[in-house]
A.B. asks: 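I'd like to ask you about the structure that follows.
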Amino acid sequence: MSARNDPPAGQVADQLLVLLAVARTGRYTTAAQALGVNHTTVARNITALERALGGRLLVRGADGWELTTLGRRAARAGEAVSDAVDRLVAGDAEADPVTGVVRMTATDGFSAYVASPAIARLRGAHPELSVELVTVTRVATHHRSGVDVDVVVGEPSVQRAKAVRLGEYVLGMYGSREYLEKHGTPTTVEEMSKHGLVYFVDSMLQVNDLDAPRRLVPGMPDALASTNVFVHVEATRAGAGLGFLPCFMADRHDDLVRLLPDDVTERLPYWAVIRSESWRRPAVAAVVQVLGDEMNRQRDKMLGLGGGPGTERHTGRGGRVG
């Protein structure tokens, strides 16, 4: 009977931690940076672990490396090793499970006004937590390598991922006071259609739910289009046209007036999509929880009910409200 050539248990444990880093980041180079080694070392450890386990652990996806079925089992083992190391390092002290790097994407406005205060509050309780936030407006995919949480507009259709509804927000049509004094205040949807629209670039809009102004005000020509909602707000304030804006952003400015709120409005949900291997991490679950809490805390603002300097509204039916 021949002797087995299994690698030492400690070596396999190290390799599992390397696999876990790749699973969380989606890229060898990023995992290498997190581990303090080079790209070649990561690749060598993955190859050795695949040889030991007898199968592929990773496959290339559209956004980076994805775990196979065997890889997901191995990554779970890597999580157990990582947790054991954390407990060992903590000694007698209770180890804080909300630690490490959480990578997420979200829209510009959500990132600035919801995610930022939420994460700041979370880090106050868990200072070893680090969050990397990429701003983007896009639909959720089944897998997005290197990202733990995608915050998207509209209900996502995903498999092998967890989706959590965070709350809702309202968009409305706004104009600056100076613009309305110069060009007139529309009192009907038909009158509004004669004004230029400040909104997303139609050909680049990836989220169908965000196409509301072109449906609510048919024939409204584009005045200024941008992929960034902060540009929408500032262009509207500058008088480039009428902007279809999130109320929680527009109502911060006393030079903006909401127009026809009963006729031109859209209520949309924010959802968090979490990769299955990320959801088991306490840090990721804590981030998702605090995002939902922040949406609830700001509920009136998100729905355009919170008051503030920019909440004067023209109903088009006899004057102003608010």
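Positions are given from 1 along the sequence. All of these numbers come straight from a predicted model, not from anything done at the bench.
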A.B. asks: Just wondering, more than 12 heavy atoms not from E190 lying within 6.0 Å of its CD?
C.D. replies: no
A.B. asks: Output yes when a side-chain donor or acceptor of R73 lies under 3.5 Å from a complementary backbone atom of T69, and no otherwise.
C.D. replies: no
A.B. asks: How many angstroms lie between CG in D14 and CG in L49, if you round to the nearest 0.5 Å?
C.D. replies: 11.0 Å
A.B. asks: Would a single hydrophobic cluster contain both L133 and F248, if residues Ile, Leu, Val, Met, Phe, Trp and Tyr are joined by side-chain heavy-atom contacts under 4.5 Å?
C.D. replies: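 Shared cluster, yes.
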A.B. asks: May I ask you to check whether T265 and R258 show a side-chain donor-acceptor distance below 3.5 Å?
C.D. replies: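 Yes, a side-chain donor-acceptor pair sits under 3.5 Å.
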A.B. asks: With distance as the sole test, does N296 use its side chain to make a donor-acceptor pair with the main-chain N or O of G292 at under 3.5 Å?
C.D. replies: no
A.B. asks: Using the rule that two of Ile, Leu, Val, Met, Phe, Trp, Tyr join whenever any of their side-chain heavy atoms come within less than 4.5 Å, decide whether L242 and F244 are in one cluster.
C.D. replies: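 Hydrophobic grouping puts L242 with F244.
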A.B. asks: Quick one: closest heavy-atom pair of Y174 and L259, and the distance?
C.D. replies: C-CD1, 4.2 Å
A.B. asks: For the hydrophobic clusters of this structure (ILVMFWY residues joined by side-chain heavy atoms under 4.5 Å, transitively), does one cluster hold both V198 and L216?
C.D. replies: no
A.B. asks: Identify, with sequence neighbours excluded, every residue that meets ring pair (Phe, Tyr, Trp, His ring centres under 6.0 Å) alongside H195.
C.D. replies: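 Partners of H195 by the ring pair (Phe, Tyr, Trp, His ring centres under 6.0 Å) criterion, ordered by chain and then number, come out as Y179.
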A.B. asks: List the atom pairs, donor and acceptor, that lie under 3.5 Å between side-chain atoms in residues 232-240 and the rest of the protein, sequence neighbours left out.
C.D. replies:
unit_1: H232; atom_1: NE2; unit_2: Y199; atom_2: O; d: 3.3
unit_1: H232; atom_1: NE2; unit_2: S226; atom_2: O; d: 2.8
unit_1: E234; atom_1: OE1; unit_2: R237; atom_2: NH1; d: 3.4
unit_1: E234; atom_1: OE2; unit_2: R237; atom_2: NH1; d: 3.4
unit_1: T236; atom_1: OG1; unit_2: H232; atom_2: O; d: 2.7
unit_1: R237; atom_1: NE; unit_2: D255; atom_2: OD1; d: 3.2
unit_1: R237; atom_1: NE; unit_2: D255; atom_2: OD2; d: 3.0
unit_1: R237; atom_1: NH1; unit_2: H253; atom_2: ND1; d: 3.3
unit_1: R237; atom_1: NH2; unit_2: D255; atom_2: OD2; d: 3.4

A.B. asks: Where the side chain of Q298 meets the backbone of Y113, is there a donor-acceptor pair that is under 3.5 Å apart?
C.D. replies: yes
A.B. asks: Crowded around E132 CD? As in, over 12 foreign heavy atoms under 6.0 Å?
C.D. replies: yes
A.B. asks: Assess, by modelled atom type and distance only, whether the side chains of T47 and R44 contain a donor and an acceptor separated by less than 3.5 Å.
C.D. replies: no
A.B. asks: If we ignore hydrogens and angles and just use 3.5 Å, is the side chain of R177 paired with the main-chain N or O of D254 as donor and acceptor?
C.D. replies: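 Yes, because the side chain of R177 sits within donor-acceptor range (under 3.5 Å) of the backbone of D254.
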A.B. asks: Name every donor-acceptor pair, under 3.5 Å, that has one atom in a side chain of residues 114-122 and the other anywhere in the protein, sequence neighbours excluded.
C.D. replies:
unit_1: S116; atom_1: OG; unit_2: S111; atom_2: O; d: 2.7
unit_1: R121; atom_1: NH1; unit_2: E294; atom_2: OE1; d: 2.9
unit_1: R121; atom_1: NH2; unit_2: E294; atom_2: OE1; d: 3.0

A.B. asks: Is L245 linked to L224 within one hydrophobic cluster, defined over Ile, Leu, Val, Met, Phe, Trp and Tyr using a side-chain heavy-atom separation of less than 4.5 Å?
C.D. replies: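 Cluster IDs for L245 and L224 differ.
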A.B. asks: Can L171 be reached from V231 by stepping across I, L, V, M, F, W or Y side chains whose heavy atoms are under 4.5 Å apart?
C.D. replies: no
A.B. asks: Report the relative orientation of the aromatic rings in Y28 and W65; use parallel for angles under 30°, tilted for 30 to 60°, perpendicular for over 60°.
C.D. replies: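 Aromatic pair Y28/W65 classed parallel.
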A.B. asks: Is there a donor-acceptor pair under 3.5 Å between the side chain of R56 and the backbone N or O of L58?
C.D. replies: yes
